[in-house]
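To start, the structure under review is shown below, and the notes come after it.
Sequence lines set the chain letters: A, B, ... in the order given, protein chains first and strands last, and positions in each chain run from 1.
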Protein chains: 4
Amino acid sequence: MSKEKIIQAAIEVFSENGYHRASMDEIAARAQVAKGTLYYNFPGKSQLFKTVVKQGFEDIMRRTEADLNSPLPIKEMIMRTIRHHLDLFLESRHFSHIVFNEISNGIEQDVLEELKELKRTHIGFLAKIIEDGKCEENLFRDVDANLAAVSMIGTLESVCNYYLNHQEAYTREDLEQFAFTVITQGLFISVE
Amino acid sequence: MSKEKIIQAAIEVFSENGYHRASMDEIAARAQVAKGTLYYNFPGKSQLFKTVVKQGFEDIMRRTEADLNSPLPIKEMIMRTIRHHLDLFLESRHFSHIVFNEISNGIEQDVLEELKELKRTHIGFLAKIIEDGKCEENLFRDVDANLAAVSMIGTLESVCNYYLNHQEAYTREDLEQFAFTVITQGLFISVE
Amino acid sequence: MSKEKIIQAAIEVFSENGYHRASMDEIAARAQVAKGTLYYNFPGKSQLFKTVVKQGFEDIMRRTEADLNSPLPIKEMIMRTIRHHLDLFLESRHFSHIVFNEISNGIEQDVLEELKELKRTHIGFLAKIIEDGKCEENLFRDVDANLAAVSMIGTLESVCNYYLNHQEAYTREDLEQFAFTVITQGLFISVE
Amino acid sequence: MSKEKIIQAAIEVFSENGYHRASMDEIAARAQVAKGTLYYNFPGKSQLFKTVVKQGFEDIMRRTEADLNSPLPIKEMIMRTIRHHLDLFLESRHFSHIVFNEISNGIEQDVLEELKELKRTHIGFLAKIIEDGKCEENLFRDVDANLAAVSMIGTLESVCNYYLNHQEAYTREDLEQFAFTVITQGLFISVE
DNA sequence: CATGAATGAGAATTCATTCAT
DNA sequence: GATGAATGAATTCTCATTCAT
């Protein structure tokens, strides 16, 4: 059906170009529908973008959640969470960038609000994993869980971006290992 | 003189809107010069952007360097580096975002190349601080210094972004403390 | 439909102003369509120009060819060819000028190449008429047919241009007669 | 002095680009003077253009006249006239094109009038050579001398243009010979 | 449901010209 | 005489959106 084709095309185009550089023309072309069809299915560019972003967030949360169903040690949970986020970030670099960062630019206020809400949900989702970990195994440092979630996302996104430009220097496993280490243990060897 | 006024206006406008949303019209208006004056002083939008970004990078590196030239313990150096980056990020939120993330979107190829070079320089600058620290005090974990630099930037930017939307919940000192902790020690309390 | 209206308007505007003085705004206004419609139908100014020129060339060749179908004495064929070219040149003075001369200025290289090709085709078309004449009636001097074609066009265009500025002094018939004489017999009465 | 440098630069730039594509910036750069200096010496672009065109006309007329002041047979006079015009046309292809054709486009009315006057003078100059020939040797056909002059210019310009694009196929001598033949005797071998 | 022709507001860029020094 | 920074009108082109079919 058109709607699904459009969303897939939109994911591609937004991912490759960012919100502003992405054009409805190209999305339509990529989806192999007429431009009018875009507007038949979505009220406008920003709404289409919202749908795409929403799907991305839901996707990563669903994937992560599914993988965390069975009771696992915290370390393993964090490792898996990192892995799922790396997957998403490496699949569609710009998309993740948009999702986590570009939400602010030139989008209608109301859509913007919804996007921020989605972002909050995602941060909350990660924060909850962290909070749960705190209670269960007393492994986490007593820091604000939201900030912790946010810093984790920032690290992952930034590191992925660098990796994508220097793939010759690292393997995907290096990346995972590095991310896990730096997120959980930081840069210093030990602090009294 | 016009050139300086334009750069200041451009910093503002690019910071507030990102590269694509920023219009030469608004930059000219903000700088209180005619649109032609922009093109008299800069070959085009992307070149102006490059100038602005360059200035930002040089600024933060100069500031940081100036503050680090006396011999200091590593911890203090990292703390100050973090502080300077937070300063920049909080001063011009979108600007830092652009500088560290948006460098990829729809900018002329040649300018893009120069921007990437600037970015590499900055990463190298941070990596060097980390490398030096490794040698001198044996405090750093043996991780890749470039990835370490990149992850640090990612954390700081992401955390700043969150902070700017939740200023009521945290103080600037909270932020600094959190960033320092999470960057140097990670989220976990102890590791065997 | 828009496309045809635009081409007609473009012929007018290009004819009256030449390529560079012609503005897309005016073409749009003359065609009574929005500016965007121009760009919906043609990729840009130079492509629109190319279309217009192409149509002009095809037009004159078609008209001439149609009139030369039946077997005619060479003299009559040349006369008719001259007549058709005068028609075109007098109809749209600048257009013909552009077509035959302005092809060189500030047009994208690829479009320019196509225009030159069109011009070559037209020269070849005239040269063929001349070549055929040579064989059939042994009337033509043994000169290079391409140069002959080119000099014929030059004479006609130049003479038309002058005529358009001095219409009070000559009739259209004078013009035709003069062109025929000077092209076929030259300025001198007789040469041994 | 500046004035002369500017004129030389202007000749070059107008020749290479035509009136509209030529920019005052480039003329200034080519003349190695500041842009203001152009306007100090000439009231504006069109006036500068007029000066340049005037100089071109005067130049060719002077050269031709100098070469024709000894008594010569008509044929030789025509040959020399053709030769001088070919010289000019081949030296600065676009310039001659401008001089003989582009004078009409988007130039201020008053300057345009002066340019037309210059053109008329040149046509008159050629027409006079033809008229004189008529009287003296009774060699010329009894055609309008102005039209004859104009058609001669058209032939020469058109043929030069073609030659410049096909230099591999003809020599300069071929060109001269062809031009002389076609102008004086036309394309047909004999007429009853 | 779907189309695609048409729109028009807005953006970047060019360039002849002015003017204070 | 000469300069060059500054101007702003004009120009090409883009693209989200609308609407009749």
In whole angstrom, what separates B:R21's CZ from F:dC15's P?
-> 15 Å
Length of the line joining D:N17:CG and E:dT14:C1', which is rounded to integer Å | 14 Å
Can you find a heavy atom in the side chain of A:K5 that is under 4.5 Å from one in the side chain of A:T37?
-> no
What about A:K35, does its side chain sit under 3.5 Å from the base of F:dT17 through a donor-acceptor pair?
-> yes
Upstream residue (5' side of DNA chain E) when B:G44 and D:S46 are each assigned their closest nucleotide | B:G44
Could you tell me how the ring of B:H122 sits relative to the ring of B:F57: parallel (under 30°), tilted (30 to 60°) or perpendicular (over 60°)?
-> tilted
Within the structure shown, what part of the strands sits under 4.0 Å from B:S23 by heavy-atom distance: base, sugar-phosphate, or nothing?
-> sugar-phosphate
The side chain of C:Y39 lies closest to which of these nucleotides: F:dT14, F:dG1, E:dA2?
-> F:dT14
With respect to the side chain of A:Y40, which nucleotide from F:dT7, E:dT3, E:dA12 is positioned closest?
-> E:dT3
Once you round it to whole Å, what is the distance between P of F:dA16 and CZ of A:F14?
-> 9 Å
C:M24 CE to E:dA12 P, straight-line distance once rounded to whole Å | 20 Å
D:Q8 and D:E4: side-chain hydrogen bond (donor to acceptor under 3.5 Å, both in side chains), yes or no, with the steps?
-> CA-CA 6 Å; D:Q8 287 312 313; D:E4 194 46 43; 3.1 Å; yes
Between A:S2 and E:dC1, does any side-chain N or O lie under 4.0 Å from OP1 or OP2?
-> no
Take atom NZ of C:K45 and atom P of F:dT14, then tell me their distance rounded to the nearest Å.
-> 15 Å
Counting any heavy atom closer than 4.0 Å, what does C:A22 reach on the DNA or RNA strands: base, sugar-phosphate only, or nothing?
-> sugar-phosphate
C:L38 CG to F:dT12 P, in whole Å, measures 10 Å
Rounded to whole Å, OH of A:Y19 lies from C1' of F:dC15 at a distance of 12 Å
In this structure, which one of A:L48, A:V111, A:L115 forms a side chain to side chain contact (heavy atoms under 4.5 Å, CB included) with A:V53?
-> A:L115
To the nearest angstrom, the CG-P distance between A:D25 and E:dT7 comes to 16 Å
Using purine N1 to pyrimidine N3 plus N6-O4 or O6-N4 for Watson-Crick, or N1-O2 and O6-N3 for G-U wobble, both under 3.5 Å, which nucleotide pairs with E:dT21?
-> F:dA2
Counting only side-chain N and O atoms of A:N41, is one of them less than 4.0 Å from OP1 or OP2 of E:dC1?
-> no
Of C:G36 and B:A34, whose closest DNA chain F nucleotide lies nearer the 5' terminus?
-> B:A34
CD/A:Q55 to CD1/A:I7 distance, rounded to the nearest 0.5 angstrom?
-> 5.0 Å
